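Scroll down for the structure; my scribbles are underneath it.
Hydrogens, waters and symmetry mates are skipped; everything else that's a heavy atom, side chains included, is used. Throughout, residue positions are numbered sequentially from 1 according to the sequence presented. Quantities reported herein were computed from a predicted structural model and do not represent experimental measurements.
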Amino acid sequence: MFKKSAFFLLAAILATTLFSCLEVGKQVVDWMELKEGNPELELKGEYHFLEEDGARVFLPLSFERYSMAEYQQTLKEKLSEEEANAQIVNINQKASLDGELYIYFDKESGSTCLVFGIPYMEISKKDAQLFLGMMRTQTENLLDASSSYEKITAKYVGYPKNCIFKSVYKISSEAKNFEYYNALYFITRNGKTIAYQLITPVGVYFDPFIEKLEI
(Lines give C-alpha, C1' and ligand atoms only; values in the text may rest on other atoms or scores of the structure.)
Protein backbone atom coordinates (compact mmCIF):
# COMPACT_ATOMS: atom_id res chain seq x y z
CA MET A 1 0.00 0.00 0.00
CA PHE A 2 1.01 3.65 -0.34
CA LYS A 3 3.14 5.26 2.32
CA LYS A 4 1.32 8.12 4.04
CA SER A 5 3.50 10.73 2.26
CA ALA A 6 2.66 9.22 -1.14
CA PHE A 7 -1.05 9.23 -0.30
CA PHE A 8 -1.02 12.95 0.49
CA LEU A 9 1.01 13.70 -2.64
CA LEU A 10 -1.52 11.93 -4.87
CA ALA A 11 -4.40 13.62 -3.04
CA ALA A 12 -2.80 17.00 -3.75
CA ILE A 13 -2.47 16.21 -7.46
CA LEU A 14 -6.06 14.99 -7.61
CA ALA A 15 -7.35 18.03 -5.75
CA THR A 16 -6.38 20.20 -8.72
CA THR A 17 -7.13 17.94 -11.67
CA LEU A 18 -10.02 20.02 -13.02
CA PHE A 19 -8.64 22.24 -15.73
CA SER A 20 -10.14 24.17 -18.61
CA CYS A 21 -8.81 23.42 -22.08
CA LEU A 22 -7.50 26.66 -23.55
CA GLU A 23 -9.56 28.11 -26.36
CA VAL A 24 -6.66 28.75 -28.72
CA GLY A 25 -7.60 26.76 -31.79
CA LYS A 26 -8.85 23.31 -30.81
CA GLN A 27 -7.98 21.98 -34.24
CA VAL A 28 -7.17 18.27 -34.39
CA VAL A 29 -3.44 17.95 -35.11
CA ASP A 30 -1.63 14.87 -36.40
CA TRP A 31 -0.78 13.27 -33.03
CA MET A 32 -4.47 13.30 -32.10
CA GLU A 33 -5.24 10.97 -35.00
CA LEU A 34 -3.44 8.01 -33.45
CA LYS A 35 -5.77 5.10 -32.77
CA GLU A 36 -5.28 2.05 -30.60
CA GLY A 37 -4.55 -1.02 -32.70
CA ASN A 38 -3.66 1.05 -35.78
CA PRO A 39 0.15 0.95 -36.26
CA GLU A 40 0.04 2.52 -39.73
CA LEU A 41 0.20 6.13 -38.58
CA GLU A 42 3.80 7.22 -37.96
CA LEU A 43 4.60 8.31 -34.42
CA LYS A 44 6.13 11.78 -34.80
CA GLY A 45 7.70 13.39 -31.80
CA GLU A 46 10.86 14.38 -30.00
CA TYR A 47 12.52 13.77 -26.65
CA HIS A 48 12.65 16.39 -23.91
CA PHE A 49 15.15 16.06 -21.07
CA LEU A 50 13.85 16.42 -17.50
CA GLU A 51 16.97 17.90 -16.02
CA GLU A 52 16.02 17.51 -12.36
CA ASP A 53 15.01 13.86 -12.75
CA GLY A 54 17.47 12.44 -15.29
CA ALA A 55 14.62 11.20 -17.50
CA ARG A 56 13.48 11.87 -21.06
CA VAL A 57 9.86 12.22 -22.17
CA PHE A 58 8.75 11.70 -25.78
CA LEU A 59 6.10 14.21 -26.86
CA PRO A 60 4.42 15.23 -30.14
CA LEU A 61 6.33 17.79 -32.19
CA SER A 62 3.76 20.53 -31.55
CA PHE A 63 4.42 20.55 -27.78
CA GLU A 64 6.86 23.17 -26.51
CA ARG A 65 8.38 23.55 -23.06
CA TYR A 66 7.04 26.59 -21.18
CA SER A 67 8.38 28.28 -18.09
CA MET A 68 5.91 29.01 -15.31
CA ALA A 69 5.90 32.71 -16.25
CA GLU A 70 5.30 31.94 -19.95
CA TYR A 71 2.44 29.57 -19.17
CA GLN A 72 0.78 32.01 -16.78
CA GLN A 73 0.98 34.71 -19.45
CA THR A 74 -0.67 32.34 -21.94
CA LEU A 75 -3.48 31.74 -19.46
CA LYS A 76 -3.99 35.49 -19.08
CA GLU A 77 -4.08 36.00 -22.85
CA LYS A 78 -6.45 33.15 -23.70
CA LEU A 79 -8.89 33.03 -20.77
CA SER A 80 -11.17 35.46 -19.01
CA GLU A 81 -9.63 37.21 -16.03
CA GLU A 82 -11.63 35.12 -13.55
CA GLU A 83 -10.78 31.80 -15.15
CA ALA A 84 -7.14 32.76 -15.75
CA ASN A 85 -6.73 33.63 -12.08
CA ALA A 86 -8.28 30.31 -11.06
CA GLN A 87 -5.98 28.37 -13.37
CA ILE A 88 -2.92 30.28 -12.15
CA VAL A 89 -3.80 29.21 -8.61
CA ASN A 90 -4.21 25.68 -9.97
CA ILE A 91 -0.79 25.54 -11.62
CA ASN A 92 0.91 27.17 -8.63
CA GLN A 93 -0.56 24.49 -6.37
CA LYS A 94 0.87 21.80 -8.62
CA ALA A 95 4.28 23.48 -8.69
CA SER A 96 4.37 23.50 -4.88
CA LEU A 97 4.05 19.70 -4.64
CA ASP A 98 7.00 17.58 -3.54
CA GLY A 99 8.93 16.98 -6.76
CA GLU A 100 9.50 18.82 -10.03
CA LEU A 101 6.90 20.16 -12.50
CA TYR A 102 7.61 20.50 -16.23
CA ILE A 103 5.05 22.33 -18.40
CA TYR A 104 4.46 21.58 -22.09
CA PHE A 105 1.88 23.31 -24.27
CA ASP A 106 0.54 22.72 -27.80
CA LYS A 107 -0.77 26.06 -29.02
CA GLU A 108 -2.28 24.48 -32.17
CA SER A 109 -4.80 22.39 -30.25
CA GLY A 110 -4.82 24.19 -26.89
CA SER A 111 -3.59 21.03 -25.15
CA THR A 112 -1.47 21.03 -22.01
CA CYS A 113 0.85 18.26 -20.83
CA LEU A 114 2.13 18.57 -17.28
CA VAL A 115 4.95 16.21 -16.33
CA PHE A 116 5.77 15.59 -12.68
CA GLY A 117 8.99 14.10 -11.37
CA ILE A 118 7.68 12.85 -8.03
CA PRO A 119 9.21 10.83 -5.18
CA TYR A 120 9.52 7.13 -6.03
CA MET A 121 6.52 5.02 -5.13
CA GLU A 122 5.58 1.44 -5.82
CA ILE A 123 2.01 1.23 -7.13
CA SER A 124 0.12 -2.05 -6.85
CA LYS A 125 -3.14 -2.88 -8.59
CA LYS A 126 -4.91 -2.40 -5.27
CA ASP A 127 -3.30 1.03 -4.91
CA ALA A 128 -4.52 1.90 -8.42
CA GLN A 129 -8.08 1.00 -7.41
CA LEU A 130 -7.76 3.26 -4.37
CA PHE A 131 -6.43 6.00 -6.64
CA LEU A 132 -9.48 5.69 -8.92
CA GLY A 133 -11.81 6.01 -5.95
CA MET A 134 -9.98 9.15 -4.83
CA MET A 135 -10.18 10.59 -8.34
CA ARG A 136 -13.93 9.97 -8.59
CA THR A 137 -14.58 11.57 -5.20
CA GLN A 138 -12.40 14.61 -5.89
CA THR A 139 -13.98 15.15 -9.31
CA GLU A 140 -17.50 14.96 -7.89
CA ASN A 141 -16.60 17.44 -5.15
CA LEU A 142 -15.05 19.95 -7.56
CA LEU A 143 -17.71 19.96 -10.28
CA ASP A 144 -20.62 22.36 -10.05
CA ALA A 145 -24.23 21.35 -10.69
CA SER A 146 -24.09 22.22 -14.42
CA SER A 147 -21.08 20.00 -15.15
CA SER A 148 -20.67 16.25 -15.47
CA TYR A 149 -17.90 13.70 -15.85
CA GLU A 150 -17.51 10.31 -17.47
CA LYS A 151 -14.76 7.76 -16.91
CA ILE A 152 -13.43 6.82 -20.35
CA THR A 153 -10.85 4.26 -19.32
CA ALA A 154 -8.67 3.04 -16.49
CA LYS A 155 -5.81 0.59 -16.88
CA TYR A 156 -3.02 -0.89 -14.76
CA VAL A 157 -0.20 -2.82 -16.42
CA GLY A 158 2.79 -4.42 -14.73
CA TYR A 159 3.70 -4.89 -11.09
CA PRO A 160 4.40 -2.42 -8.23
CA LYS A 161 8.06 -1.73 -9.11
CA ASN A 162 7.51 -1.57 -12.89
CA CYS A 163 4.06 -0.37 -13.88
CA ILE A 164 1.95 2.07 -15.85
CA PHE A 165 -1.32 3.29 -14.40
CA LYS A 166 -3.66 5.27 -16.65
CA SER A 167 -7.03 6.93 -16.14
CA VAL A 168 -9.00 9.17 -18.50
CA TYR A 169 -12.08 11.27 -17.69
CA LYS A 170 -14.25 13.45 -19.89
CA ILE A 171 -15.43 16.66 -18.21
CA SER A 172 -18.28 18.59 -19.84
CA SER A 173 -21.02 21.15 -19.36
CA GLU A 174 -23.78 21.97 -21.84
CA ALA A 175 -24.72 25.08 -19.87
CA LYS A 176 -21.18 26.46 -20.02
CA ASN A 177 -20.45 25.00 -23.47
CA PHE A 178 -17.21 23.18 -22.74
CA GLU A 179 -15.82 19.68 -23.00
CA TYR A 180 -12.32 18.41 -22.36
CA TYR A 181 -10.47 15.21 -21.53
CA ASN A 182 -8.28 14.80 -18.48
CA ALA A 183 -5.78 11.92 -18.68
CA LEU A 184 -3.47 10.92 -15.84
CA TYR A 185 -0.54 8.52 -16.17
CA PHE A 186 1.77 7.24 -13.44
CA ILE A 187 4.88 5.32 -14.49
CA THR A 188 7.17 3.59 -12.00
CA ARG A 189 10.38 2.00 -13.29
CA ASN A 190 14.06 1.77 -12.37
CA GLY A 191 13.54 3.35 -8.97
CA LYS A 192 11.79 6.45 -10.31
CA THR A 193 8.20 7.64 -10.70
CA ILE A 194 7.03 10.05 -13.40
CA ALA A 195 3.45 11.32 -13.68
CA TYR A 196 1.69 13.02 -16.58
CA GLN A 197 -1.49 15.06 -16.72
CA LEU A 198 -2.71 15.58 -20.28
CA ILE A 199 -5.60 17.97 -20.93
CA THR A 200 -7.04 17.89 -24.47
CA PRO A 201 -10.18 19.18 -26.24
CA VAL A 202 -10.87 15.72 -27.73
CA GLY A 203 -10.22 12.15 -26.71
CA VAL A 204 -6.74 10.99 -27.77
CA TYR A 205 -4.65 7.83 -27.73
CA PHE A 206 -1.44 8.95 -26.00
CA ASP A 207 -0.11 5.58 -24.84
CA PRO A 208 2.58 5.25 -27.58
CA PHE A 209 4.21 8.47 -26.35
CA ILE A 210 4.06 7.33 -22.72
CA GLU A 211 5.64 3.99 -23.61
CA LYS A 212 8.71 5.77 -25.02
CA LEU A 213 9.51 7.42 -21.68
CA GLU A 214 13.16 6.83 -20.76
CA ILE A 215 13.90 6.55 -17.03
Side-chain angles (χ1 to χ4, degrees), residues 9-10 13 17 19 21-22 24-68 70-71 74 91 94-95 97 99-123 128 131 152-169 180-215:
L9 175 64
L10 293 180
I13 293 175
T17 53
F19 203 103
C21 193
L22 295 182
V24 294
K26 282 197 171 183
Q27 62 260 42
V28 175
V29 292
D30 57 357
W31 63 271
M32 292 181 165
E33 297 176 351
L34 289 171
K35 303 296 181 184
E36 188 170 6
N38 180 10
E40 296 181 3
L41 195 62
E42 181 182 359
L43 190 66
K44 298 178 182 179
E46 62 180 339
Y47 276 101
H48 298 261
F49 184 59
L50 308 183
E51 62 275 1
E52 298 298 327
D53 294 275
R56 297 204 308 161
V57 294
F58 190 75
L59 298 176
L61 294 173
S62 51
F63 275 99
E64 296 180 11
R65 175 88 171 261
Y66 276 52
S67 68
M68 177 65 76
E70 289 171 334
Y71 191 68
T74 298
I91 199 71
K94 292 176 184 293
L97 298 177
E100 194 69 25
L101 171 63
Y102 308 86
I103 303 171
Y104 296 91
F105 182 61
D106 174 4
K107 61 184 178 182
E108 295 181 42
S109 67
S111 300
T112 294
C113 184
L114 305 178
V115 182
F116 303 85
I118 60 178
Y120 171 73
M121 63 180 74
E122 297 179 12
I123 304 174
F131 188 19
I152 303 301
T153 187
K155 182 170 66 174
Y156 175 90
V157 178
Y159 53 95
K161 292 184 179 181
N162 186 352
C163 67
I164 297 177
F165 171 68
K166 165 190 176 182
S167 65
V168 181
Y169 277 75
Y180 66 94
Y181 291 76
N182 182 38
L184 292 175
Y185 292 85
F186 285 82
I187 301 92
T188 288
R189 189 165 68 241
N190 296 331
K192 295 183 179 181
T193 300
I194 300 293
Y196 296 70
Q197 182 182 12
L198 178 69
I199 305 100
T200 57
V202 298
V204 299
Y205 179 55
F206 206 69
D207 293 26
F209 293 97
I210 298 296
E211 291 164 1
K212 292 179 76 66
L213 168 69
E214 295 183 355
I215 56 176

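- Here the closest heavy-atom approach between residue Ile215 and residue Ala55 is recorded as CG2-CB, 3.2 Å.
- Both cation-pi conditions hold for Arg56 and Tyr47: the charged atom is under 6.0 angstrom from the six-membered ring centre and inside a 45 degree cone around its axis.
- Between Phe58 and Ile210 the shortest side-chain heavy-atom distance does not fall below 4.5 Å.
- Contact detail for Gly117 and Tyr102: the closest heavy-atom pair is N-CE1, 4.3 Å.
- No side-chain heavy atom of Phe209 sits under 4.5 Å from any side-chain heavy atom of Cys113.
- Between Leu34 and Val204 the shortest side-chain heavy-atom distance does not fall below 4.5 Å.
- The closest side-chain heavy-atom distance from Lys212 to Leu43 is below 4.5 Å.
- The distance between the ring centers of Phe186 and Phe131 falls below 6.0 angstrom.
- Nearest heavy-atom pair across Val202 and Met32 is CG2-SD, 3.8 Å.
- Of the listed residues (Glu64, Glu46, His48), just one forms a side chain to side chain contact (heavy atoms under 4.5 Å, CB included) with Leu59, and that residue is His48.
- Checking Tyr66 against Thr112 by side-chain atom types alone, no donor-acceptor pair falls below 3.5 Å.
- Between Tyr185 and Phe165, the distance from one ring center to the other does not fall under 6.0 angstrom.
- Here the side chains of Tyr205 and Lys35 are not in contact, with every heavy-atom distance at 4.5 Å or above.
- A heavy-atom distance below 4.5 Å is not found between the side chains of Ile164 and Tyr156.
- Ring geometry, Trp31 versus Phe63: the interplanar angle falls from 30° to 60°, so the pair is classed tilted.
- Counting heavy atoms from C-beta on, the side chains of Asn182 and Leu198 never come closer than 4.5 Å.
- Between Gly54 and Lys192 the shortest heavy-atom distance is O-NZ, 3.4 Å.
- The shortest side-chain heavy-atom distance between Ile91 and Met68 falls under the 4.5 Å cut-off.
- Considering every non-hydrogen atom in both Cys163 and Ile123, the closest pair reads SG-O, 3.6 Å.
- Nearest heavy atom pair, residue Thr188 against residue Pro160, reads CG2-O, 3.7 Å.
- Between the side chains of Thr200 and Ser111, no donor-acceptor pair is found at a separation under 3.5 Å.
- Using a cut-off of 4.0 Å between Lys/Arg side-chain N and Asp/Glu carboxylate O, Glu122 and Arg189 are scored as not salt-bridged.
- By the 4.0 Å N-to-carboxylate-O rule, Lys166 lies close enough to Asp207 to be salt-bridged with it.
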>> I'd like to know whether Tyr120 forms a side-chain contact (heavy atoms from CB on, under 4.5 Å) with Lys161, so could you lay out the CA-CA distance, the side-chain angles of the two residues, the decisive distance to 0.1 Å, and finally the verdict.
In response: CA-CA 9 Å; Tyr120 171 73; Lys161 292 184 179 181; 3.7 Å; yes

